Asker: 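Below: one structure in structure tokens.
Everything quoted here is computed from the prediction, not taken from an experiment. In what follows, every chain begins at residue 1, and chains take the letters A, B, ... in the order their sequences are listed. Side chains are part of it too, since the values below use all heavy atoms of this structure and drop only hydrogens, waters and symmetry mates.
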Amino acid sequence: MPKVVTDVTCPFCGTLCDDLEITVSDDNKKILSVKNACAIGAEKFNHTKEPGRVTHPRMRQPDGTFKEISYDEAIDFTARMLVKSRKTLMYGWASTSCQAMSIGHEIAEKVGGIVDNCATVCHGSSLIAIQDVGIPSCTLGEIKNRADRVIFWGCNPAHAHPRHMSRYSIFPRGFFTVKGHKGRKIYCVDCRHTDTARVADTFIQVQQGYDYELLNAFRTAARGGPLPDEIGGVPKEKVYEVVEELKTGRFGVIFFGMGLTHTLGRNHNIDIAISFTRDMNEFTKFNIIAMRGHWNVTGSGQVLSWQYGFPYAVDLSRLDKARYQTGETTSVDLLTRNEVEACFYIATDPGAHFPIAAMISSSKKPTVTIDPHINCTTEISDVHIPVAMVGVETGGCAYRMDNVPIETRKVVDPPEGLLTDEEVLTRILNRVNQLMEEA
Amino acid sequence: MNTVTLTVKQQPEIILEADCITPDSFAGKTAAEIEKLPVYQGKQNCTLGDYFKVAGKAGSTPAETQIIVNGDCSRVKYIGMKMSAGEVVVNSSTDMYTGGWMKGGKLVVNGNVHSFCGLGMEGGEFIINGNAGNFLGASYRGDWRGMQGGLIRVKGNVGSDIGTFMNGGEMIIEGNADIHIATHAEGGRIVIKGNVNRRIGGQMVKGEVIVFGTVNVMMPGFHYNQDVELTVDGVTAMFQEYNGDLGERHPKRKGEPVYGKLYLKK
Amino acid sequence: MVEKITLNLITCRSIQQGVGMEAGKTSKKYFDACSIIEMHEDDMKNLGILKNTNVRVTSATGSVVVKAVTTRQELVPGLAHIPMGPWANRIVSAYTYSTGEPCFKGFPVEVEPAPSEQILSAVDVVKDACGLLKK
Amino acid sequence: MSEFLIKNGYVYDPSQGINGERHDIAVKDGKIVESASSGATVIDAKDKAVMAGALEIHAHIAGPKVNVGRWYRPEDKLFHSYKRGESTRIEGGFSIPTVFKTGYEYARMGYTFAMEAAMPPLYARHVHEEIHDTPIIDEAALPVIGNNWFMMEYIKNNEIENNAAYVAWLLRQTKGYGIKIVNPGGTEAWAWGLNCLTIHDPVPYFDITPAEIITGLIQTNEFLGLPHSVHIHQNSLGLPGNYTVTLDTLKLAEGHTAKNRFGRKQVMHSTHLQFHSYGGDNWGNFESKAREVMDYVNRQENITIDTGNVTLDETTTMTADGPFEHHLHGLNHLKWANVDVELETAAGVVPYIYSPNIKVCGIQWAIGLELALFSKDPMRTFITTDHPNAGPFTRYPRIVTWLMSKKARDDQIKAFKYSDKVVDATEVASIDRELTLYEIAAMTRAGPAAALGLSQNYGGLAPGMNADIAIYNFNDETTDPAAIEKAYGNVAFLFKDGKICVRDGVIVDPGMKHTFWVDVKVKENKQVMHDVREKFLKYYSVNEGNYLVPESYAPHQHVIALDATQ
């Protein structure tokens, strides 16, 4: 008899929808159907069925081909690499559980690693901004229950967080928002007329790279100051009009994405958006939320923070202290400046998502990648250790984009013999301890 | 004043952390003692003597100690960090945090410096005879206390984010600057003799930025006030004075708001 | 008509890119979703190409061959988009302004028709740059 | 398990009335026993003070807002990160230490238990993840309930039994310990940018007042017979003149009697009272009302309090009192973080510098000390810094020194920039009282243990009790302030569950920490379960099935099981 697993959390994006219903075969081996997920989430669960899944660690040979090796061999190679390297980049963590991260951090503390997560190329800018000016924010349920002014700035949830608008931000009816979409005014600020812009009541097309100036104009307008005629392609009349509309709302929120974090000025774009949000609290209630990408990148930041006090780019290379400086201990800078001697990647694919210069540097160093699948990183690594998919084949804690922790569930068994991240990391830690005692 | 001369004898394989290269840690030490000061390459503990030949003898106090560094230091971080007195002259380019949290004395780099130099500087004089990277005289992440005092002078160009959260002191850039100048500043003065790309004085509360060259894009929150004559670094000229950032909070003095000031040479 | 045009490039997510990622980096879905450049029709006209023509995109950092397409995520003329992925990252600068964040959005590229050039696979586009691709 | 005999120490144990007498303490299998066998390891405690492990009754050491405070203040760790000893993890942070430093520092001061004072239920899992990673010390957490929608609806309709059933359900879901109230009604009002500044201000929409919430929750607490009483952070925190609101709130306890099987006597614990004992009506005429407040507390025996001592440091304020943090940001313009939590609560975080050069900070410092020095019953007055709000908990050695030494207080007063103004606005300079070690033991051990309903096993040294024992290098003869501070901050020995975890201030064993929570059995309540289902379907952003904190999150859990079905 097929079984239905309910309350399943989707391990794709930071929206972390936790209402999926998944039907699995009675032997716990196959996913038969996925209910409530978006196209991407469904693909993730269905992908487990794909043939050709790697089930054994692989080591790259001098001729560029890969040879199957045992977990013991792979773990020994990894531990020796970590013990030898004087400074190791340990990057990834966004697609694994908080429990696994914790073990990874213990390894890093032993071997002098620099633990960095996907925020480094995603919402790292936002974290820097929050460190500079704080952040007035709320959980997503508050938006559902109260928000009547919703701004999407430099983000496109229709594509990147497909169920965000229906679960939290545009369509749901909440306690004080019984009219749902009709009771809300939706704004979209972007340099493209996106699918998100199509559902907005007001679209403000800003010239690419002029968000900081436009937000500066919003702030100036909120204080009743004078403005030049046009800011980043937006007429000043529009700015005054929108700011007045926002002031008349009861509860406003800005959702922002990589349209702000990736463009000129990076953290400053977020910084000024937060400052605008803060200003608006003099007139009404206003919050701002980062549209975090990976499903558990937030969790990595949380665990690193309670253990070391920094949300990413945590430099433990001195063994006796934790340090942090974005621009120095961040992955792309470490790689392009050749500041590390080995690379350890887990639960992410920098090969696909880092600028190529960083990966060229990485490919010249001893590298181990832990990932369920073949990807752009595994193929330029010395060793690839395949593992069970977290959130599908094993469970663990994850944090949503608003920092709410939600448990991911094991839905099906992993392929025979495949270890989990937690198991692989624990074995690496034990091997590292052994090697260090021997030394 | 006594002089200690350091000469690079071996390049670090990765990068060298040498926060001991200051008059404060050298003071009262012989060359042999200075050679034993700790430096680091990742988790490897090394000594200064592993990488530098040390000659001469330090003065009995930091103020009486001069350090001259020869050889390529472009992979050496933290030179002159937290120095309180004395003098350091580096005849090379240097890496990050040169002159970080400097309190006094004089630091001269006859080359370029990388990012985060003069971070949180409180006093002293920091002369860079080449270019400087990003976050020059800025605050450490999260800190609202950037450059507090002292002087930074750069002969060449600078990167972005100079003087972020600047509260005091003066910075003179003889070349050009990129983006984000004096963001969140609440005091101090930045003079840029060359051109600036964009975003001068964003979220500025108080303080001054004076630009001799061109500005690619002005911040909408800066509003023209008047023309004024100023004498800046020995040059007298007419400037357009702007008040800003009008989007930011401003303290009041005698009932009148105090603005950040941007001066553009006419 | 011109031989090459300069466009301002951004790299973003798309739902097809998301689905492709989950289908696997070696999947056709991923290749189809990410080895493209989305352009405004005016820019295509200007360059004298039709939709689905391979083009070479070159930045200060590097160069990559992708397929030119149009998009529902409407662009203004002069703005182009390559979905985030290894193709885009061949031309994204690793300069981070000392923030850790590379220049993923807002940099100039030159686009020229390259109808006879091949688009490399996701893995190969990375291996190629790292000198690991067996020619 | 090993056996110990602690010989020749001066024992301070108010739970047994032992005041500095020489007593030997025997330890076996994690418990204090009558006598040790000849094989016991002998610990020489000559000239040393022997006390039970201390209990922290109110601190913010685990959970979402604490972690915001950590990560949004990298500058709090700059040059404040180190590793001490082979077996310890890296420690970091000054005002908001990392979990590792938190556990180690409490242990180094002789603490073996700490209460996380504000757990947002929706974030309970996060709180427990941090507690899980905090070494050595036992911990529990109080879910914040004072602005909860379920609670407000039940209490508005006077449905105490339904409210009790809901609270019991919530404690089980969140692995919580008791009822925390923060700015009742005011935090819900904050969701619209408003506040409740007196106990009679109506809560927007919910048509209820803070006074009704507090009274209803006292009734709920005693209906359930929880080990701890309601634990309240009152309305109007931190504002000049708020002592009248404080007295109004404290009076709500009148007429209520504690009903429980733990020997707990109070029905209300009023926390960080320093922030609530302010006179004047602006920062110019700001003054201490500690005497007025303590006069009432001394008379009213069903109240306990903790102090919230200002330590004169740069720190990070954080509270579920969202509107207060917004107000504070308006005063100092430092970075403001806020999180409103759907249906439940909110929280704010703002850095703050208690400067000895600022008059108000000096007065705040004095008020905190006055509360303890005016106290007639050290068993009802506990020392806290409301960590990290009035200062980091790592300053307890300094606070104890100020309380035990008039000279230490006078030295500090002299060091203030506006000494005269501080003296004028307070009474601290004229107080000669110096607390004894016996009184300190009452305020940090026996007292908080009783208030938390834990006095059967914790906070004392009687045979049968848990062998959590702190031995310090000082005694009542020690008068040098520096010596007191040093000794209190570096225990000679700390026994936790009968094992030595700290020796001469150095962590030697990671200990076996326990998470405490309260599991109350109530009559089956279909109404409440229906309400829960409905609110999760309609208003929460997570599924009901994902709300529960599994027991795997509570290491070596210590479950206090209650039956409230009778």
Asker: Side chain, backbone, both or neither: which part of B:Asn197 has an atom under 4.5 Å from a heavy atom of chain A?
Answerer: neither
Asker: What part of B:Ile15 gets closer than 4.5 Å to chain A, counting heavy atoms only: side chain, backbone, both or neither?
Answerer: side chain
Asker: Can you tell which part of A:Ala217 gets under 4.5 Å to a heavy atom of chain B, answering side chain, backbone, both or neither?
Answerer: both
Asker: Is any side-chain heavy atom of A:Arg219 less than 4.5 Å from a side-chain heavy atom of B:Gln203?
Answerer: yes
Asker: Relative to chain A, which segment of B:Asp161 carries a heavy atom at a distance below 4.5 Å: side chain, backbone, both, or neither?
Answerer: side chain
Asker: Would you confirm whether B:Arg141, through its side chain, and A:Gln131, through its main-chain N or O, come within 3.5 Å as a donor-acceptor pair?
Answerer: no
Asker: Chain B heavy atoms under 4.5 Å from A:Thr88: which part of the residue, side chain, backbone, both or neither?
Answerer: neither
Asker: For A:Tyr210, is the NZ or CZ atom of B:Arg198 found under 6.0 angstrom from the centre of its six-membered ring and inside 45 degrees of the ring axis?
Answerer: yes
Asker: For the candidates B:Ser115, B:Pro12, B:Gly202, which exhibits the highest count of non-hydrogen atom pairs separated by less than 4.5 Å from chain A?
Answerer: B:Gly202
Asker: Assign the ring pair B:His180 / A:His268 to parallel, tilted or perpendicular, where the plane angle (0 to 90°) is split at 30° and 60°.
Answerer: parallel
Asker: What part of B:Tyr97 is in contact with chain A, defined as an atom under 4.5 angstrom from a non-hydrogen atom: side chain, backbone, both or neither?
Answerer: side chain
Asker: Tell me, side chain or backbone of B:Met219 under 4.5 Å from chain A's heavy atoms, or both, or neither?
Answerer: both
Asker: Identify which part of B:Leu16 has an atom lying under 4.5 Å from any heavy atom of chain A, answering side chain, backbone, both or neither.
Answerer: neither
Asker: Taking the six-membered ring of B:Tyr40 as reference, does the cationic atom of A:Arg318 (NZ for Lys, CZ for Arg) lie under 6.0 Å from its centre and within 45° of its axis?
Answerer: yes
Asker: Quick one: what part of B:Glu17 sits under 4.5 Å from any heavy atom of chain A, side chain, backbone, both or neither?
Answerer: side chain
Asker: Taking A:Asp271, A:Asn338, A:Leu319, A:Val340 one by one, which has the highest count of heavy-atom pairs under 4.5 Å against chain B?
Answerer: A:Asp271
Asker: The test is salt bridge (Lys or Arg N to Asp or Glu O under 4.0 Å); show your working for B:Lys77 and A:Glu339 and say whether it passes.
Answerer: CA-CA 12 Å; B:Lys77 289 179 184 170; A:Glu339 276 208 51; 2.9 Å; yes
Asker: Taking NZ, NE, NH1 and NH2 as the nitrogens, is one of them in A:Lys87 or B:Glu13 under 4.0 Å from a carboxylate oxygen of the other?
Answerer: no
Asker: Please determine if A:Asp279 and B:Arg249 form a salt bridge, counting it only when a charged side-chain N lies under 4.0 Å from a carboxylate O.
Answerer: no
Asker: By a 4.5 Å heavy-atom criterion (distance strictly below it), what part of A:Tyr324 contacts chain B: side chain, backbone, both, or neither?
Answerer: both
Asker: Please determine, among A:Ile231, A:Ile128, A:Leu227, the option with the most heavy-atom pairs under 4.5 Å with chain B.
Answerer: A:Ile128
